[in-house]
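The next block holds one structure in the form of structure tokens; read it before the comments.
Each ligand, and each atom within it, is numbered from 1 in the order the structure gives.
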Amino acid sequence: MKKIAILEAPFVKEMMATTTNLYRLGWDERNGGNISYLLTEEEVTPFLDVTDSLRTIPMQFDGSGLVGRYFIVTGSGKYFKNVAMAPSENLGILRVTKDGKAVELLWGLDDGGVPTSELPAHFMTHISRLKIDPENRIVMHNHASHLLAMTFTHELDEKKFTRTLWQMCTECLVVFPEGVGIIPWLVPGTNEIGLATAEKMNEFRLVLWPHHGIYGAGRDMDEVFGLIETAEKAAEIYTYVQAQGGVKQTINDEQLSDLAKAFGVTPRLGYLN
Ligand code: 13P
Ligand code: ZN
């Protein structure tokens, strides 16, 4: 059957729009940031012959939890600024091989490129999140500026960091009631940082990488973008508050608790006094 042009695919359009938005927000300078988006075979087949693999790209970690799964991902060293202009150079559609040790490239990465160097963190996170929510599809990493800055000035304690964010904007507790996970500083692109991130993703949808950036996971692009956007907005407000001389009054725990009840969310246990 004749295939529809891949640039018509909704998931390609979403990747183009999202990377453009993220670039404009200043969170993805140069090649900073990466996105992986889990696709079903039914979504891919109208556009691609899935028996036609362009090349096989080995992985240095165990992807056996994702055998046969399809993803569209950003390429390593690719600039978000350029994705919409040249999608087939900057994005790739992949399928995890039967042994979980490689990915087959089905489309994209035209100039011989490879998937994001953060594939371990992305794939390990997908494995973690799918166990909790079978509908999880997106993992997004970027260098959200104010969150990144806060990792230098705020204590890197998950409870304290989460509480500060919750207090900066009323919406925060509603958007991420489970809080924000924090891993230690680790070398990016390694299996070690992948494992640490995925472990936190068993409990959180937002994981902070100190002095580097943030990871978000969720069912769709809006959910994950919205999660990161909301946490980043809180971090921006924190920055202004500090610059204006610090907190004089805040949302107290009783108010946070009332908020949670009104919106039907459960704040992480032990985070409210
Ligand atoms: P990639 O260009 O390999 O995706 O890396 C960017 C990045 O943000 C590393 O953490
Ligand atoms: Zn990064």
I need the atoms of ligand 1 closer than 4.0 Å to a non-hydrogen atom of [X], numbered in the order shown.
X	value
His143	8 (O)
Gly77	1 (P), 2 (O), 3 (O)
His212	10 (O)
His141	8 (O), 10 (O)

Using a 4.0 Å heavy-atom cut-off, which part of Asn31 comes near ligand 1: side chain, backbone, both, or neither? both
Look at atom CD of Glu192 and say whether more than 12 heavy atoms of other residues, nucleotides or ligands are closer to it than 6.0 Å. no
Restricting to distances shorter than 2.8 Å, give the number of protein N, O or S atoms close to the Zn ion (ligand 2). 3
Chi angles and distances behind the salt bridge (Lys or Arg N to Asp or Glu O under 4.0 Å) call for Glu223, Arg137: CA-CA 10 Å; Glu223 179 190 344; Arg137 300 184 73 180; over 6 Å; no
What is the closest protein heavy atom to [atom], and at what distance does it sit?
atom	answer
atom 8 (O) of ligand 1	Gly33 N, 2.9 Å
atom 4 (O) of ligand 1	Thr116 OG1, 2.7 Å
atom 9 (C) of ligand 1	Glu118 OE2, 3.1 Å
atom 3 (O) of ligand 1	Ser117 OG, 2.6 Å
atom 7 (C) of ligand 1	Asn34 ND2, 3.5 Å

Regarding [X] and [Y], does a basic nitrogen lie under 4.0 Å from an acidic carboxylate oxygen?
X	Y	result
Glu104	Arg55	no
Lys81	Asp28	no
Glu89	Lys78	no

Between ligand 1 and [X], is the shortest N or O to N or O distance under 3.5 Å?
X	value
Trp209	no
Gly32	no
Ser76	yes

Answer yes if the ring centres of Phe152 and His211 are under 6.0 angstrom apart, and no otherwise. yes
Given the side-chain rings of Tyr215 and His122, with only the six-membered ring counted for Trp, is the space between their centroids under 6.0 Å? yes
Just checking, any donor-acceptor pair under 3.5 angstrom between side chains of Glu118 and His141? no
Does the side chain of Trp209 come under 3.5 Å of the side chain of Thr151 through a donor N or O and an acceptor N or O? no
Side chains of Arg205 and Arg129, heavy atoms from C-beta outward: is any pair under 4.5 Å? yes
Answer whether the closest heavy-atom distance between the side chains of Ile237 and Cys169 falls below 4.5 Å. yes
Is the cationic atom of Arg268 (NZ for Lys, CZ for Arg) positioned less than 6.0 Å from the six-membered ring centroid of Phe204 and within 45 degrees of its normal? yes
